[in-house]
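Structure, as structure tokens:
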Protein chains: 2
Amino acid sequence: MTLTEENYIKGIYHLGKQGKESVSTNAVAKAMKTKASSATDMIKKLSDKQLVNYVKYQGVSLTAQGQLAAKNIIRKHRLWEVFLVEKLNFTWDEVHDVAEQLEHIKSEKLINELDAFLNFPKYDPHGDPIPDKNGNFNSIDKIILANAELKKIYKCVGVKDTSTDFLRYLDTNKIALGTLFEVIHKEPFDNSLKLMYNNTELVVSQHVAKNIFVSIEL
Amino acid sequence: MTLTEENYIKGIYHLGKQGKESVSTNAVAKAMKTKASSATDMIKKLSDKQLVNYVKYQGVSLTAQGQLAAKNIIRKHRLWEVFLVEKLNFTWDEVHDVAEQLEHIKSEKLINELDAFLNFPKYDPHGDPIPDKNGNFNSIDKIILANAELKKIYKCVGVKDTSTDFLRYLDTNKIALGTLFEVIHKEPFDNSLKLMYNNTELVVSQHVAKNIFVSIEL
DNA sequence: ACTTATTTTTAGACTAATCTAAAAATAAGT
DNA sequence: ACTTATTTTTAGATTAGTCTAAAAATAAGT
Ligand SMILES: [Mn+2]
Ligand SMILES: [Mn+2]
Ligand SMILES: [Mn+2]
Ligand SMILES: [Mn+2]
């Protein structure tokens, strides 16, 4: 598999439910930042290699083989992200671009030894689960903070938006994985939330509340 | 710089004395495992980018800029090799192919943090010096074991051939960086050497003796 | 110096991945 | 159902890197 093929497979995986859902050519093109004509060409190529199911004009989905390939790339991406944060003093907003490169390094031994070196982490710095070498991973029940109820305690377990801007916003407000929240007020006017955590109060917009994952309750 | 351009620059560096010496198109082609016509094309491209000095039919050498670029790639290659051996249980014969991939990862922070994480190593697992971020490195005085004198003690400080076959040969004979040798006999017939080290004797061929670097004396 | 051999460059073609523009298929609107 | 809009595919070009075959330059041999 070429680097580009790997990126398409990963893109299709993220677009549908683990790539099982059929996604449109346009959606793929947008995700890969190319044009629809380029996406069509690549989809054909991946279809020839039995990595995707493709019927003209009907969209693509990953085959079992394609799903495994995607999970393998994602496993590498997330393990490298853990490495960068845990061992090389990267912050969670700095890791993604480097992991995009490192995920394409080909060496079974490398990734398995890295996994062991990091003590077989189950989640990456953004709270996303890390597949094991067979593609299996825990998916914990989580909801977006925007849907949390008043007077209950929730734990921050992940972020939806992983942009630098958003992650830095969380940093400056001392919100991290593991932070315990209580929603003390929901403002009907703009759906903003008043949160209580670490003995401080903070009002966050709905936009923010939709991008924080919290555990189902505590 | 593309991955291929980086590999050519590195190749030219290794062929001449740090790339200062002019090397032939054929030599470059052979080192890159391509044809002379492909080498010519790439050399022209590198020349346009001011990375090499090139006059038609007269061979290539690296410019100051090209030398720095080469040393940067070699720095990355060797630091990754140290990482693989020190942290991920790779043996010295397993690291090269993976390092060939890792050396192309682009991130200043990554490589400088890796350097710090490894405690600023000065040599890689094969005894080759690691340039610092400015391209400076220690070159210790060394000779090939084949040129060592009788009755003197030498320390193994490097290997010339880094093939799996040779490195495994050294492993099975318990020869490693730091091993202290005494040459107790030189056989004039085939230039083989009888060595004494670790309280054992071993006869090595001239071929072997030409591929082990030892410190000037001790 | 002149012929032959070798090295190097050029010319033209191929593959992977991309693009623009045009054609074909599907979806939507009345 | 028929027209219009949107999506998707095809056709033809482009760029990076490679190749083979032919031409040009350099090196060697007498
Ligand atoms: Mn990421
Ligand atoms: Mn992540
Ligand atoms: Mn190496
Ligand atoms: Mn090395």
Side-chain angles (χ1 to χ4, degrees), chain A residues 1-16 19 21-62 66 69-70 73 97 100-101 103-106, chain B residues 1-16 19 21-62 66 69-70 73 97 100-101 103-106:
Chain A
M1 266 222 264
T2 72
L3 186 144
T4 312
E5 286 170 354
E6 289 190 344
N7 282 334
Y8 271 86
I9 288 292
K10 189 176 51 137
I12 294 167
Y13 180 94
H14 285 308
L15 285 170
E21 202 174 65
S22 175
V23 295
S24 75
T25 300
N26 257 359
V28 173
K30 195 175 172 191
M32 307 317 294
K33 293 176 197 210
T34 60
K35 296 300 157 71
S37 53
S38 305
T40 300
D41 282 352
M42 181 55 78
I43 288 166
K44 276 183 190 163
K45 205 171 134 199
L46 295 173
S47 180
D48 290 345
K49 293 192 174 189
Q50 321 273 346
L51 292 163
V52 300
N53 304 117
Y54 172 56
V55 194
K56 266 188 195 177
Y57 297 100
Q58 305 306 130
V60 258
S61 60
L62 296 182
I73 300 159
D97 291 347
E100 285 288 305
Q101 300 178 60
E103 73 188 5
H104 301 290
I105 302 293
K106 279 155 190 66
Chain B
M1 267 222 263
T2 71
L3 186 144
T4 313
E5 285 170 353
E6 288 190 345
N7 282 334
Y8 271 87
I9 288 291
K10 191 176 50 138
I12 294 166
Y13 180 94
H14 285 308
L15 285 170
E21 203 174 65
S22 176
V23 295
S24 75
T25 301
N26 257 357
V28 173
K30 196 177 171 192
M32 306 317 295
K33 295 177 193 208
T34 59
K35 296 298 155 73
S37 54
S38 304
T40 300
D41 283 350
M42 181 54 79
I43 289 166
K44 277 183 188 163
K45 205 171 135 197
L46 296 173
S47 179
D48 290 344
K49 292 193 174 188
Q50 321 273 347
L51 292 163
V52 300
N53 305 117
Y54 172 58
V55 193
K56 266 188 196 177
Y57 297 100
Q58 303 307 131
V60 259
S61 61
L62 296 181
I73 300 159
D97 291 346
E100 286 289 305
Q101 299 179 60
E103 73 189 4
H104 301 290
I105 302 293
K106 279 156 189 68

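Just so it is clear, the values below take in all heavy atoms, side chains as well, and ignore hydrogens, waters and symmetry mates. Convention: sequence-line order gives letters A, B, ...; per-chain numbering from 1. Quick caveat: nothing in here was measured; it's all calculated off a predicted structure.
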Query raised in the report: What is the pairing partner of D/dT6, taking Watson-Crick or G-U wobble pairs with both distances under 3.5 Å in any strand?
Result: C/dA25
Report task. Check for a donor-acceptor pair, side chain of A/T40 on one end and backbone N or O of A/A36 on the other, with a separation under 3.5 Å. Result -> yes
Query - Check: A/S37 side chain, C/dT20 base, donor-acceptor under 3.5 Å - result: yes
Query raised in the report: Just how far, in rounded Å, is P of D/dT9 from CE of A/M42?
Result: 15 Å
Query - Partner nucleotide of C/dT30 by Watson-Crick or wobble geometry (both distances under 3.5 Å) - result: D/dA1
Query raised in the report: How is A/T40 classified with respect to the nucleic acid when contacts are heavy atoms under 4.0 Å: base, sugar-phosphate, or nothing?
Result: base
Query raised in the report: Between D/dT10 and A/K44, is there an OP1 or OP2 to side-chain N/O distance shorter than 4.0 Å?
Result: yes
Report task. Compare side-chain N and O positions of B/N26 against OP1 and OP2 of C/dT8 and report whether any pair is under 4.0 Å apart. Result -> yes
Requested in this report: In whole angstrom, give the distance that lies between atom CG of B/D41 and atom C1' of C/dG12.
Outcome: 12 Å
Query raised in the report: What closest approach, in Å, do B/M1 and B/K106 show between heavy atoms, and which atom pair accounts for it?
Result: O-CE, 3.6 Å
Report summary line: Ranking A/K33 and B/Q58 by the position along DNA chain C of their nearest nucleotide, the one closer to 5' is B/Q58
Report task. Using a cut-off of strictly less than 4.0 Å, decide whether B/Y54 has a side-chain nitrogen or oxygen near OP1 or OP2 of C/dT8. Result -> no
Report task. Starting from P on C/dT6, measure out to OH on B/Y57 and report it in whole angstrom. Result -> 17 Å
**Report entry** Under-4.0 Å side-chain N/O to phosphate OP1/OP2 contact, B/T4 with D/dA16
**Finding:** no
Requested in this report: Kindly say if B/K35 contacts the phosphate of D/dT20, meaning a side-chain N or O under 4.0 Å from OP1 or OP2.
Outcome: yes
Query raised in the report: Is the count of non-hydrogen atoms from other residues, nucleotides or ligands lying under 6.0 Å from A/K49 atom NZ greater than 12?
Result: yes
**Report entry** Mate of D/dT14 where both pairing distances stay under 3.5 Å, Watson-Crick or G-U
**Finding:** C/dA17
Requested in this report: Indicate the atoms forming the closest heavy-atom contact of B/K10 with B/I73, along with that distance.
Outcome: CD-CG2, 3.9 Å
Query raised in the report: Looking across every strand, which nucleic acid part, if any, lies under 4.0 Å from B/S38 by heavy atom: base, sugar-phosphate, or nothing?
Result: base
Query raised in the report: Within this structure, what is the CD1-to-C1' distance between B/I43 and C/dT7, rounded to whole angstrom?
Result: 12 Å
Query raised in the report: With distance as the sole test, does A/S22 use its side chain to make a donor-acceptor pair with the main-chain N or O of A/Q58 at under 3.5 Å?
Result: yes
Requested in this report: Report the base-pairing partner of D/dC19 (Watson-Crick or G-U wobble, both distances below 3.5 angstrom), or none.
Outcome: C/dG12
